[in-house]
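Numbers restart at 1 for each chain; the letters A, B, ... are given by sequence-line order, proteins then strands.
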Protein chains: 2
Amino acid sequence: MMISTRGRYALRVMIDLAQHTESGYIPMKEVALRQEISLKYLERILPILVKNGLVEGVQGKGGGYRLVRSPKEYTAGEILRLTEGDLAPVSCLSKCAEPCPRSAYCATLPMWSGFFDMTNKYFDGITIEDLSKPRE
Amino acid sequence: MMISTRGRYALRVMIDLAQHTESGYIPMKEVALRQEISLKYLERILPILVKNGLVEGVQGKGGGYRLVRSPKEYTAGEILRLTEGDLAPVSCLSKCAEPCPRSAYCATLPMWSGFFDMTNKYFDGITIEDLSKPRE
DNA sequence: TCAATACCTACCATGTCAATAGGTATTTTG
DNA sequence: CAAAATACCTATTGACATGGTAGGTATTGA
């Protein structure tokens with residue numbers, strides 16, 4: 001299990017916002033209802049997206065959230081890396097890991113690195129616009 | 001983080017056994033020393049490999065473990081799926097998950113499925129023989 | 001003034017991970 | 001036969017992450 005609900009919910013919120021861009025600011029209450037996700041939990045995820053400049057939040061009546069860029073300018077990779085920390089398949093490749101003394105001769109490290117690269121490329125090749133379209 | 005130490009250690013044990021096939025049965029004590037892994041922890045991982053027929057274990061003095069196939073006939077994918085359960089990136093794709101009621105219209109499911117397939121193909125394309133060779 | 005909203009912090013229950021502890025069963029060897 | 005070496009088994013533990021919930025405060029529009 002690599003992607004937790006935090007990253008998955010963040011993606012679904014972004015998709016939901018993309019599907020309602022013309023409606024101005026969207027309250028999370030609506031998104032929570034549509035997506036069947038606890039509002040309280042979403043309220044803990046959204047600040048990550050706000051602080052990193054992916055969405056804009058406006059308080060008060062009539063407030064809510066909206067995307068600050070066009071949906072095609074967000075990649076799934078960007079959103080997942082923010083909410084999940086990173087997409088490293090093993091701890092030694094995580095950005096916050098201390099350097100492994102075995103790395104110079106580790107037989108499996110190239111395999112993990114290759115997978116890591118592939119993972120980032122895969123998710124960076126998918127935009128919120130792609131995900132917002134109805135499925136064929 | 002997708003792959004835990006269990007899967008990583010299992011791979012390293014298999015590689016170590018592959019690098020010492022000519023020596024008959026290899027005691028885990030030796031592998032633990034070479035790989036700098038706790039013997040007690042390895043002893044909890046090996047039964048998984050034995051029960052699934054990947055390695056053979058012989059008790060008693062002079063005993064140990066050995067591969068039952070040629071190193072090129074094991075894939076990293078096979079070993080990881082055994083020790084990690086499966087390689088599903090999200091819970092809804094895990095084999096032991098109850099069916100998700102949103103699957104028919106979930107906007108992100110195809111992305112996760114595509115990644116799941118890619119993951120399995122990547123690790124199924126790497127054999128223990130590949131990993132046993134010295135790095136270039 | 002009130003309602004609706006974002007935003008904030010603390011808390012909690014559950015499960016997994018990574019390992020340790022302390023054995024038993026089996027086999028070879030002296 | 002005794003001892004050593006090995007696989008094999010089960011219970012326990014501490015740390016941590018996950019997936020929330022609870023209970024607020026701050027801000028804004030009507």
Side-chain angles (χ1 to χ4, degrees), chain A residues 1-10 12-13 17 23-33 35-52 54-68 80 83-86 88-92 94 96-97, chain B residues 1-10 12-13 17 23-33 35-52 54-68 80 83-86 88-92 94 96-97:
Chain A
M1 198 64 41
M2 191 179 200
I3 313 290
S4 67
T5 57
R6 188 147 27 99
R8 303 209 303 277
Y9 290 176
R12 283 167 59 189
V13 168
L17 292 178
S23 319
Y25 290 96
I26 315 289
M28 260 316 109
K29 194 177 168 186
E30 283 181 22
V31 178
L33 271 174
Q35 298 294 327
E36 303 171 272
I37 301 174
S38 144
L39 172 61
K40 276 297 186 183
Y41 194 33
L42 283 188
E43 283 183 337
R44 292 205 349 162
I45 295 173
L46 266 294
I48 305 172
L49 303 176
V50 172
K51 270 171 199 144
N52 288 280
L54 298 213
V55 303
E56 182 194 357
V58 165
Q59 283 190 332
K61 198 164 184 176
Y65 296 90
R66 74 173 177 195
L67 303 183
V68 301
L80 290 175
T83 48
E84 296 290 321
D86 62 39
V90 292
S91 54
C92 39
S94 179
C96 46
Chain B
M1 198 65 41
M2 192 177 198
I3 312 290
S4 66
T5 57
R6 188 148 25 98
R8 303 210 301 276
Y9 290 176
R12 283 166 58 188
V13 168
L17 292 179
S23 319
Y25 290 94
I26 317 288
M28 261 316 108
K29 194 177 167 185
E30 283 182 22
V31 179
L33 270 175
Q35 298 294 326
E36 303 169 274
I37 301 174
S38 144
L39 173 60
K40 276 296 185 183
Y41 193 34
L42 283 187
E43 283 182 337
R44 293 210 346 166
I45 295 173
L46 266 293
I48 304 172
L49 303 175
V50 172
K51 270 172 200 146
N52 289 279
L54 299 212
V55 303
E56 181 194 359
V58 166
Q59 285 190 331
K61 197 164 184 175
Y65 295 91
R66 74 173 177 195
L67 302 183
V68 300
L80 291 174
T83 48
E84 297 289 322
D86 62 41
V90 292
S91 54
C92 39
S94 179
C96 45

To check you understand the geometry: which heavy-atom pair defines the closest contact between [X] and [Y], and what is its length?
X       : Y       : result
B:Ser4  : B:Glu84 : OG-OE2, 2.9 Å
A:Asn52 : A:Ile48 : ND2-O, 2.8 Å
B:Leu80 : B:Gly7  : CD2-O, 3.8 Å

Nearest-Å distance for atom pair [atom1]/[atom2], residues [X] and [N]:
X       : N      : atom1 : atom2 : value
A:Glu56 : C:dC7  : CD    : C1'   : 15 Å
B:Tyr25 : C:dT26 : OH    : P     : 17 Å
B:Leu46 : D:dC9  : CG    : C1'   : 13 Å
B:Glu84 : C:dT16 : CD    : P     : 13 Å
B:Lys29 : D:dC8  : NZ    : C1'   : 17 Å
B:Ile48 : D:dC9  : CD1   : C1'   : 13 Å
B:Arg66 : D:dT6  : CZ    : C1'   : 16 Å
A:Leu49 : C:dA6  : CG    : P     : 13 Å

Distances under 3.5 Å only, N/O to N/O: pair up the protein atoms with those of nucleotides 25-30 of chain D.
residue	atom	partner	partner atom	Å
D:dT27	O4'	A:Gln59	OE1	2.6
D:dT27	O2	A:Gly60	N	3.4
D:dT28	O2	A:Lys61	N	3.1
D:dG29	O4'	A:Lys61	O	3.4

field: DNA chain D base-pair string [pairs: Watson-Crick or G-U under 3.5 Å; |: paired with another strand]
entry: ||||||||||||||||||||||||||||||
In residues 25-32 of chain B, what donor-acceptor pairs under 3.5 Å come from side-chain atoms, sequence neighbours left out?
residue	atom	partner	partner atom	Å
B:Tyr25	OH	B:Glu56	OE1	3.4
B:Tyr25	OH	B:Glu56	OE2	3.1
B:Tyr25	OH	B:Arg66	NH2	3.4

- prompt: OP1 or OP2 of D:dA17 sitting under 4.0 Å from any side-chain N/O of A:Ser4?
  reply: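 Answer no for this pair, as no side-chain N or O of A:Ser4 is under 4.0 Å from OP1 or OP2.
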query: Taking only side-chain nitrogens and oxygens of B:Ser38, does any of them come within less than 4.0 Å of OP1 or OP2 of C:dA18?
result: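 False: B:Ser38 side-chain N/O out of range (4.0 Å or more) of C:dA18 OP1/OP2.
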Nearest-neighbour nucleotide for the [X] side chain, [options] considered:
X       : options               : result
B:Tyr65 : D:dT21, D:dC8, D:dT6  : D:dC8
A:Thr5  : D:dA7, D:dG19, C:dC8  : D:dG19
A:Tyr9  : D:dC8, C:dA18, D:dG20 : D:dG20

task: Name the nucleic acid region contacted by B:Ile26, choosing base, sugar-phosphate or nothing; use a 4.0 angstrom heavy-atom cut-off, strictly under.
output: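 Sugar-phosphate, backbone atoms only, no base.
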field: salt bridge (Lys or Arg N to Asp or Glu O under 4.0 Å) partners of B:Lys40, counting only residues at least two apart
entry: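 Result, salt bridge (Lys or Arg N to Asp or Glu O under 4.0 Å) vs B:Lys40: B:Glu43.
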Side chain to side chain donor-acceptor pair (under 3.5 Å) against [X], all qualifying residues, sequence neighbours excluded:
X       : answer
A:Thr83 : none
B:Thr5  : B:Tyr41
B:Arg12 : B:Gln35

Rounded to the nearest 0.5 Å, how far apart are [atom1] of [X] and [atom2] of [Y]?
X       : Y       : atom1 : atom2 : result
B:Tyr65 : B:Leu17 : OH    : CG    : 9.5 Å
B:Arg8  : A:Cys92 : CZ    : SG    : 5.5 Å
A:Leu67 : A:Leu54 : CG    : CG    : 9.0 Å

query: Are the side chains of B:Leu46 and B:Val13 in touch, meaning some heavy atoms are under 4.5 Å apart?
result: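 SC-SC contact between B:Leu46 and B:Val13 confirmed.
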Under-3.5 Å donor-acceptor pair between A:Lys40 side chain and D:dG23 base: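 In this structure, the two groups form a donor-acceptor pair.
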Can you give me the N/O atom pairs linking the protein to nucleotides 9-12 of chain C at distances under 3.5 Å, or say none if there are none?
residue	atom	partner	partner atom	Å
C:dA10	N6	A:Arg44	NH1	3.2

